[in-house]
Amino acid sequence: MSSVSGSGANPLRDPADRRLPRIAGPSGLVIFGVTGDLSRKKLMPAVYDLANRGLLPPGFSLVGFARREWANEDFAQEVHDAVKAHARTPFREEVWQQLIQGMRFVQGTFDDDEAFERLRSTIEELDKAQGTGGNFAFYLSVPPRSFPVVIQQLKKHGLADQSGGSWRRAVIEKPFGHDLKSAEELNKVVHEVFEPDQVFRIDHYLGKETVQNILALRFANTMFEPIWNRSFVDHVQITMAEDIGIGGRAGYYDGIGAARDVIQNHLLQLLALTAMEEPASFDAQALAAEKTKVLGAVRLPKDLGRSTVRGQYAAGWQGGEKVIGYLEEDGIDPKSKTDTFAAIKVGIDNRRWAGVPFYLRTGKRLGRRVTEIAVVFQRAPHSPFDHTATEELGQNAIVIRVQPDEGITVRFGSKVPGTSMEIRDVSMDFAYGESFTESSPEAYERLILDVLLGDANLFPRTEEVELSWKILDPIEEYWDKHGRPAQYESGTWGPAEADEMLARDGRSWRRP
Ligand code: BG6
């Protein structure tokens with residue numbers, strides 16, 4: 001395509017121009033599990049924020065499905081309260097008034113045929129009243145044990161049918177299974193009803209701006225990619241640290257643990273984006289093909305006892321407050337062996353990464369909330385400086401700061417001003433807040449919009465989910481058979497065993 005030079009004024013912009021706002025066509029969203037935390041804190045606010053940004057069609061409809069005895073008005077009030085409490089953008093009455101026109105509530109349980117019939121007629125009514133054109137996405141924000149029944153009910157009541165040019169899509173929240181076998185079974189159930197391009201599996205990390213920026217950093221520039229390999233990189237550290245405990249999520253978390261909760265999905269997706277080869281294009285298939293290839297090349301070390309660590313938070317101090325340990329949390333089995341911290345070391349069997357360890361760690365009740373990917377480089381092969389001059393020089397690093405302080409840091413050595421040649425680490429920072437005026441949308445805004453647009457780039461495919469379980473399963477099996485998680489004091493950076501694991505390799509964790 002020829003570029004426009006000179007004044008740059010081009011009245012005929014290419015309709016495929018990716019800078020144009022992408023606005024969803026006539027459609028609606030049905031949320032199962034609408035009374036849950038995720039729906040209140042993330043999904044409802046994201047729908048409002050999209051409407052507020054003008055990215056939803058005028059007749060957009062939102063249908064809640066749950067057991068609660070609510071009328072449409074009660075549901076609308078719930079959405080209203082959730083939006084007021086959690087939306088990113090300011091509340092505007094005119095946006096709200098328009099949105100409320102398309103809100104409906106269907107009362108029922110997942111095994112209730114009549115409720116699904118009511119859902120079907122609600123959708124037909126909305127097609128007429130709101131012009132939704134039969135295009136509906138079904139968001140399963142429900143426990144995994146309920147996935148099969150909801151999927152089957154959608155089929156049985158003709159809700160998955162895409163007749164007359166309309167579309168139907170299924171959006172599935174994590175956790176997608178609890179091991180490879182259960183994930184395969186779930187995939188089977190889903191694919192008996194929906195075609196692969198109708199299924200959108202949520203990994204909300206992929207909706208984060210900073211995560212998408214990994215691809216921009218690597219593949220839109222020339223200066224990083226030549227050094228992004230085993231010839232220059234010493235190791236990679238991916239950290240997702242949280243300061244919160246498990247809060248009110250005992251029922252979900254106990255027995256699942258940190259590795260299944262976030263390594264299987266968020267951290268392995270970050271690894272895939274960091275390590276994959278350049279896709280031929282930025283389309284869903286090309287991206288998935290490269291992510292699948294690299295996940296398939298991930299190799300676990302033989303000795304899982306020395307290359308994995310799990311921990312469980314004990315009481316401690318956080319943000320100036322005394323906090324209780326995991327085993328004292330409400331609803332937790334006092335003998336629970338669930339990991340709230342997990343660290344693993346993996347390798348990647350390909351020419352680019354052979355011999356470069358990838359260290360992944362995550363935990364709750366750690367020192368602070370931070371997610372980052374640090375690509376740490378080898379030391380210079382020769383130094384012309386006296387070793388005392390470089391005593392305080394660390395290894396060069398490129399750190400992708402996923403959150404909360406979104407940006408990228410490049411760390412390198414620089415001469416300390418003065419008469420002697422002393423070299424110390426300095427950093428060069430890119431911060432989203434300084435370089436861009438607009439704030440980053442929430443991950444769920446981006447992902448819900450993509451579902452409505454049918455854009456599958458940011459959704460993991462079946463193979464990716466299954467490969468990720470294949471990586472994790474042997475670790476979980478090993479942990480099951482060997483001992484208990486090590487205790488770590490809340491507010492620290494996890495158990496000493498995690499530090500020892502890196503120390504054995506002559507390395508140390510970053511203290512972000
Ligand atoms: C979820 C996990 O997927 O991600 C939670 O289930 C975790 O345990 C959350 O707290 C963290 O998300 P974020 O976007 O706040 O980093």
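First listed ligand is number 1; within each ligand, the first listed atom is number 1.
Considering only non-hydrogen protein atoms, atom 5 (C) of ligand 1 sits nearest to Arg249 NH1, 3.4 Å. Here the heavy atom of the protein found nearest to atom 4 (O) of ligand 1 is His204 CE1, 3.4 Å. Looking from atom 16 (O) of ligand 1 to the surrounding protein, the closest heavy atom is Tyr205 OH, 2.4 Å. At the shortest separation from atom 9 (C) of ligand 1 among protein heavy atoms lies Glu242 OE2, 4.0 Å. The nearest heavy-atom contact from the protein to atom 6 (O) of ligand 1 is Asp261 OD1, 2.6 Å.
By the ring pair (Phe, Tyr, Trp, His ring centres under 6.0 Å) test, His80 is found to be paired with Phe91, Trp96, residues two or more places apart in sequence or in another chain being considered.
Those atoms of ligand 1 with a heavy atom of Lys364 less than 4.0 angstrom away are 5 (C), 7 (C), 8 (O), 10 (O). Close contacts between ligand 1 and Gln403 involve ligand atoms 13 (P), 16 (O) [criterion: under 4.0 Å to a heavy atom]. Less than 4.0 angstrom separates some heavy atom of Lys174 from each of these atoms of ligand 1: 1 (C), 2 (C), 3 (O), 6 (O). Of all atoms in ligand 1, listed by their number and element, those nearer than 4.0 Å to a heavy atom of Lys208 are 13 (P), 14 (O), 16 (O). Atom numbering of ligand 1 starts at 1 in the shown order; those under 4.0 Å from a heavy atom of Met240 are 11 (C). In the vicinity of His266, heavy-atom distances shorter than 4.0 Å reach the ligand 1 atoms 1 (C), 3 (O), 4 (O). Taking a cut-off of under 4.0 Å to the non-hydrogen atoms of Arg369, the atoms of ligand 1 that pass are 15 (O).
Across Glu185, Glu184, His191, Glu192, a single residue satisfies side chain to side chain contact (heavy atoms under 4.5 Å, CB included) together with Lys188, and that is Glu192.
Within the structure, the side-chain hydrogen bond (donor to acceptor under 3.5 Å, both in side chains) test picks out the following pairs touching residues 314-323 (sequence neighbours left out): Gln318-Arg365.
In this structure, Trp228 contributes its side chain and Thr274 its backbone to a donor-acceptor pair below 3.5 Å.
For an aromatic pair to be called close, the ring centres must be under 6.0 Å apart, and His235 with Tyr359 satisfies this.
Within the 4.0 Å heavy-atom criterion, neither part of Tyr253 lies near ligand 1.
Remark: Lys174 is not positioned above the aromatic ring of Phe176, lacking an NZ or CZ atom under 6.0 angstrom from the ring centre and at most 45 degrees off the axis.
Note that the CZ atom of Phe459 and the CZ atom of Arg169 stand 10.0 Å from one another [nearest 0.5 Å].
A salt bridge links Glu242 with Lys364: the closest approach of a Lys/Arg side-chain nitrogen to an acidic carboxylate oxygen falls below 4.0 angstrom.
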Original post:
Ser182 and Asp179: side chain to side chain contact (heavy atoms under 4.5 Å, CB included), yes or no, with the steps?
Top reply: CA-CA 6 Å; Ser182 54; Asp179 57 11; 2.7 Å; yes
